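Computed from a predicted structure; not experimentally measured. Worth knowing before you read on, the calculation uses all heavy atoms, side chains too, and leaves out hydrogens, waters and symmetry mates. Positions are given from 1 along the sequence.
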Amino acid sequence: MPNGIVSVPRPQNEPLRDYEPGSPERATLEQRLESMLRERIEIPAIIGGKEVRTGRTVPVVCPHEHGHVLADLHLCGPDEVRQALEAARGAWREWSEMRFVERAAIFLKAADLLAGPWRDTVNAATMLGQSKTCNQAEIDAAAELVDFWRFNPYYAEWLYEYQPNSEPGTWNVLDYRPLEGFVLAVTPFNFTSIGGNLPTSPALMGNVVLWKPATTSALSNYYVMKVLQDAGLPPGVVNFVPARGPDVGDVAFASPELAGLHFTGSTPTFQAMWRSVSENLGCYRNYPRLVGETGGKDFVLAHASADVEALAVALLRGPFEYQGQKCSAASRAYVPSSLWPRLRELLAGMIGEVRMGSPVDFGNFVCAVIDKKAYASIRGYVEEAKRVSGYELIAGGGCDDREGYFIEPTLFRSDDPKSRLMSEEIFGPVLTVFVYDDAKLDETLELCDTTSPYALTGAVFAQDRRVVGRIRERLRHAAGNFYINDKPTGAVVDQQPFGGGRASGTNDKAGSPFNLLRWTSLRTIKETFVPARDWRYPYLG
């Protein structure tokens, strides 16, 4: 690298493609979808830069057409996990000592590759393998991951630039060291961008990583790994290890070299991992960094002054885009009785217009839920609410898994503000509304704050600014991402750093410098230019 103080280019958020009929981007995406539907590929593990085929395969299918196999995924066992640990160990020294600008260049190149020649492939894989519409795939698999790879180097440079004060005759320096050991990245099915960010944000800071993707997002995640290889990521820095959870966890959590866990998934799984780390705490070289973003029971609270039309749109998009399979999806709403008749009419009418089906048909707004297990769980909530008293089915409620795992966008009204549908995470296209007395806003705020153990996202709708401020402060700890007159989904890198507290995770804010700081271990260096030559202090004279 030539001499000079080199700065990361100031990034901008990646523009979204609209995929309008007749547009060139729609034509090329449709072509890639067609070709991918004709393929049946193998997805190997990638360990130390080499493809590993274990022979223990599971099919990767389209959730909206579960008889269609897209790929055969090779699952790793404990032996392959140990092999990945050895590959990471071998890569650690050189990678951790590589100059930051060289590491940053790899991810900046990966961003441009994903924004350009790899865009259709990763988007199409997300649409087919995770049943996302072209719009949801574009927001996630392309734009958000491009943003992570462009903004994270910029944030890292911002961190590195912070240095302590130095008195005359001394020079104080902060050294932002990588962690000693490896980071385990466990990624979810629902966001390809999270799949790409969780292993690469620690890697950017000089760490080596074991990446365990969700099997249901393995197709898109495999192509993300290929993008990283295309960008020049050295072998062993990120090791792609598809496996059953215990096969990775039992080996990784028992290793003295575990330096960190970067996780997105369910709250019970994260708590189980935390317990495993606690039980092995005495064996680790360092205390592992535990960073997790988990579940949510995200709310929308409307005041009597709310714009009813805007509220209705938010309560269609927020709960039902990507079939409600977002940690941030609106799942419960509190609506004043004065607004409910009009809102009910608008929302039921909009839900009736929504089309459901395959993402290959660009006219569909919702597609299938991810797999049979998710379908059975969500359907269980829907059928129970149909069966027991205290709920009113307003719209939707249909479930059909003959061809794909389809559940209609479903709207219930609950008489009980603490019913199961108002308090438990469903992770599907189900919105439950509690209608409250306009005069009981304070009681309703208390319900909103205390009914759920989660605190991820939430929104308030009100035109009265005094009320907005009052609700914002009363619900200060109820959501890590809080929205005013907008749906509680759609956080954008560099605009709304994402994460929540309570049972929703450690709130380390992906899409900000604060997450990257967790993957460094600071060293303070003091240099004295002219050291003392006499042990006596002046006061002794």
Is the backbone of Cys134 close enough, under 3.5 Å, to the side chain of Asn123 for a donor and an acceptor to pair up by distance?
-> no
Heavy-atom neighbours of Lys386 NZ exceed 12 at 6.0 Å = yes
Nearest atoms (heavy-atom pairs only) where Leu301 meets Thr444 = CD1-CG2, 4.2 Å
So, Asn190 and Gln130: side-chain donor and acceptor under 3.5 Å apart, yes or no?
-> no
Indicate the atoms forming the closest heavy-atom contact of Met273 with Val186, along with that distance.
-> CE-CG2, 3.9 Å
Taking all non-hydrogen atoms of both residues into account, name the closest pair between Tyr284 and Ser276 and its distance.
-> OH-O, 4.2 Å
Which class fits the ring pair Tyr222 and Phe240: parallel under 30°, tilted 30 to 60°, perpendicular over 60°?
-> tilted
Ring centres under 6.0 angstrom apart (Tyr405, His66) | yes
Hey, would you say the Trp158 and Tyr154 ring centroids sit under 6.0 Å apart?
-> no
Are Asn481 and Lys509 linked by a side-chain donor-acceptor pair shorter than 3.5 Å?
-> yes
Considering only NZ, NE, NH1 and NH2 on the basic side and carboxylate oxygens on the acidic side, decide whether Lys373 and Asp371 come within less than 4.0 Å.
-> no
Quick one: do Arg420 and Glu384 make a salt bridge, cutoff under 4.0 Å?
-> yes
Below 4.0 angstrom, N of the basic side chain to O of the carboxylate: do Arg119 and Glu138 qualify?
-> yes
Can we call the ring centroids of Tyr334 and Tyr436 under 6.0 Å apart?
-> no
Would the number of heavy atoms belonging to other residues, nucleotides or ligands and lying under 6.0 Å from CZ of Arg474 be above 12?
-> yes
Under the side-chain contact (heavy atoms from CB on, under 4.5 Å) rule, what do Arg26 and Phe362 come out as? Steps first, then yes or no, please.
-> CA-CA 10 Å; Arg26 179 163 175 152; Phe362 284 28; 3.3 Å; yes
Are Lys372 and Asp401 within salt-bridge range, i.e. N to O under 4.0 Å?
-> no
Is there a donor-acceptor contact under 3.5 Å linking the side chains of Gln463 and Ser305?
-> no
So side chain to side chain donor-acceptor pair (under 3.5 Å) across residues 311-330, not counting sequence neighbours, yields Gln136-Lys326
Here the gap from Arg355 atom CZ to Phe365 atom CZ, rounded to the nearest 0.5 Å, amounts to 13.0 Å
Output the distance between atom CG (Leu290) and atom CG (Leu258), rounded to the nearest 0.5 Å.
-> 8.0 Å
Taking only residues two or more places apart in sequence, or in another chain, which ones meet Arg342 in a salt bridge (Lys or Arg N to Asp or Glu O under 4.0 Å)?
-> Glu309, Glu345
For Asn152, the option from Asn515, Thr200, Asn197 that meets side-chain hydrogen bond (donor to acceptor under 3.5 Å, both in side chains) | Asn197
Scan residues 481-511 for pairs that pass ring-ring contact (aromatic ring centres under 6.0 Å, His included), counting only residues two or more places apart or in two chains.
-> none
